[in-house]
Enquirer: 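This is the structure, below, for whatever I ask next.
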There are 2 protein chains.
Amino acid sequence: MDNKYLQIYHDYAGKIESGALRPQVKLPSEHELSQQYGTSRETVRKALHLLSQNGFIQKIKGKGSFVLPIQQWDFPVSGLVSFKELSAKMGKPSRTRVIELEAMAADEELASQLRVNPAEPVWKVVRTRTIGGETIILDKDYFLQDTIPELTVEICEDSIYQYLEEVLDIPISFAKKVITVEEPTPEDRRLLDLEGYPMVVVVRNYVHLEDATLFQYTESRHRPDKFRFIDFARRHG
Amino acid sequence: MDNKYLQIYHDYAGKIESGALRPQVKLPSEHELSQQYGTSRETVRKALHLLSQNGFIQKIKGKGSFVLPIQQWDFPVSGLVSFKELSAKMGKPSRTRVIELEAMAADEELASQLRVNPAEPVWKVVRTRTIGGETIILDKDYFLQDTIPELTVEICEDSIYQYLEEVLDIPISFAKKVITVEEPTPEDRRLLDLEGYPMVVVVRNYVHLEDATLFQYTESRHRPDKFRFIDFARRHG
DNA sequence: CAGTGGTCTAGACCACTCA
DNA sequence: GAGTGGTCTAGACCACTGA
């Protein structure tokens, strides 16, 4: 069951994403919305703030809130979106292949990435992503076994994120991504269809839980021509 | 003059960024802070929300708010940060060279990028960025003349952002970045020290004003080995 | 001028954590 | 149980917009 402000948020996010509300359209005023939803204005404002933060609307003082012009590929904007959601939104046939799934002890480098002691038990998952017949993404995930006791090939082929959130109910809180461009490793060359591209885009993802512990480290390695990253940034004080 | 919540935000952002507040340190409770600042709890919460959104703190229900472990290079996290601020934070000697500054009419492609009519008057600014003796970034900016009547080489060598915000007092609201990796153009090869790298990282930046008009389009072209992008994403409903 | 969003208040109740 | 953050309310005043 959603909170009130999340209900309002999802109502309008859905309407905008589905196109039921066209760009430039003016939303009801905060006063009106609070009456429609039978709630206080501050609660409405919380929902509108979220909508504006996520690029759905733009609030203009003295005028109102307006639906932003947003292309299909604008979703998702920066965030913790799984490959499964992403490829579903893109509407392209895709396949995930699990190359490796093993329980291991963290070596020194990994332990420092995860900020835990060496030899800490972790899951290592290596997967390739194939879209339109070309294998263009290599994902290497490391999870603390502490948090995830069980992991199977079936789960990895589907969506680990979904498993974490819906089945294990693990509250993922925030993630930091660092994007760089690097030379391909022999592993990249072996597993990806690099077609001679001499570089890969590496997205390193540090995922934290709600209690601020770091529990996952991911390297996502992309063929450069197929890589696209969208970031939506707002100004604040 | 800052708002109350921005004052609290800047107080703590400064303390954390300067290292006066170490990671893991617990902030005073919201109740305490509201007394210290002589304000309501909701106002304190607004400030803490901003701090948490910008990666400074982590709030944990039932426990409190804690300073996040943040390395030097974590700042800035994704946002509208100018090259001047960035190189200042990195503490490296750097130089901006203005290659081209001209008033022109938008051609068709640019007009579509800026979502204006063709032949709309725009400023075109081309600059290179040199860090540590290597020219590794090529920036191409286009501004609507409508918004910026005057632009000089001196301003472009300093910081256009600073000029917009502090001198012209133009309220920049939000920006969308799209990051891709592409083949270098002849211009890239001419102006950048590419050292044989066969690709450039292209960051396309669409900058909007507070009234949601798009007024600037920027292409920032980076030598791949010197490119790094940090994104900080939070989970929300 | 009326309508809008931006800020702020002084409460309230809840769910969660930890001793 | 005391303390914490999460949600919510019913007001208030302000600055900005547009007719």
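Letters A, B, ... are given to chains in the order of the sequence lines, protein chains preceding strands, and every chain is numbered from 1.
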Enquirer: Mind checking ring pair (Phe, Tyr, Trp, His ring centres under 6.0 Å) for A/F227 and listing every partner two or more places apart, or none if nothing turns up?
Expert: A/H222

Enquirer: For nucleotides 9-13 of chain D, tabulate all protein N/O to nucleotide N/O atom pairs closer than 3.5 Å, reporting atom names and distance.
Expert:
from   : atom 1 : to    : atom 2 : distance (Å)
D/dT9  : OP1    : A/K4  : NZ     : 2.6
D/dT9  : OP1    : A/T39 : OG1    : 3.3
D/dT9  : OP2    : A/T39 : OG1    : 2.3
D/dT9  : OP2    : A/S40 : N      : 2.8
D/dT9  : OP2    : A/S40 : OG     : 2.9
D/dT9  : OP2    : A/T43 : OG1    : 2.9
D/dA12 : N6     : A/R41 : NH1    : 3.4

Enquirer: Let me check the geometry of the helix from C/dC1-D/dG18 to C/dC18-D/dG1. What is the bend angle between the axes at its two ends, five pairs each, to 10°?
Expert: 10°

Enquirer: Where do A/A13 and A/L51 come nearest, in terms of heavy atoms and distance?
Expert: N-CD2, 3.7 Å

Enquirer: What string of B, S and - do you get for nucleotides 14-19 of chain C, 5' to 3', if B is base contact, S is sugar-phosphate-only contact and - is no contact with any protein heavy atom under 4.0 Å?
Expert: --BSS-

Enquirer: Return the value, rounded to whole Å, for the distance between atom NZ of A/K59 and atom P of D/dT17.
Expert: 16 Å

Enquirer: Can you list everything that forms a ring pair (Phe, Tyr, Trp, His ring centres under 6.0 Å) with B/H49? Sequence neighbours excluded, please.
Expert: A/H49

Enquirer: Is B/Y5 near enough to C/dT7 that one of its side-chain N or O atoms lies under 4.0 angstrom from OP1 or OP2?
Expert: yes

Enquirer: Rounded to the nearest angstrom, tell me the gap between atom OH in A/Y9 and atom P in D/dT7.
Expert: 14 Å

Enquirer: Taking only residues two or more places apart in sequence, or in another chain, which ones meet A/K4 in a side chain to side chain contact (heavy atoms under 4.5 Å, CB included)?
Expert: A/T39, A/T43

Enquirer: Is B/R45 near enough to D/dG6 that one of its side-chain N or O atoms lies under 4.0 angstrom from OP1 or OP2?
Expert: yes

Enquirer: Which residues in residues 25-36 of chain A have at least one heavy atom lying under 4.0 Å from any atom of DNA chain D?
Expert: none

Enquirer: Grab the NE2-P distance between A/H49 and D/dC8 for me, whole Å please.
Expert: 15 Å

Enquirer: Mind checking what makes ring pair (Phe, Tyr, Trp, His ring centres under 6.0 Å) contact with B/Y12, not counting sequence neighbours?
Expert: none

Enquirer: Quick one: list whatever passes side chain to side chain contact (heavy atoms under 4.5 Å, CB included) with B/D107, sequence neighbours left out.
Expert: B/E109, B/L110

Enquirer: Name all residues meeting the side chain to side chain contact (heavy atoms under 4.5 Å, CB included) criterion together with A/V98; count only those two or more places apart in sequence or in a different chain, and write none if there are none.
Expert: A/L101, A/R127, A/V153, A/C156, A/E157

Enquirer: CD of B/E108: more than 12 outside heavy atoms within 6.0 angstrom?
Expert: no

Enquirer: Would you sort out whether B/K59 and B/R45 count as a side chain to side chain contact (heavy atoms under 4.5 Å, CB included), showing the intermediate values?
Expert: CA-CA 10 Å; B/K59 308 182 80 181; B/R45 283 179 57 71; 3.5 Å; yes

Enquirer: Report the residues that fulfil salt bridge (Lys or Arg N to Asp or Glu O under 4.0 Å) with B/K140, sequence neighbours left out, ordered by chain and then residue number.
Expert: B/E187

Enquirer: Mind checking what makes salt bridge (Lys or Arg N to Asp or Glu O under 4.0 Å) contact with A/K124, not counting sequence neighbours?
Expert: A/E100

Enquirer: What's the NZ-P distance between A/K46 and C/dG6, to the nearest Å?
Expert: 16 Å

Enquirer: Relative to each other, are the rings of B/F56 and B/Y9 parallel, tilted or perpendicular (30° and 60° limits)?
Expert: perpendicular

Enquirer: Can you name the nearest heavy-atom pair linking A/D139 to A/R221, along with the distance?
Expert: OD1-N, 4.3 Å

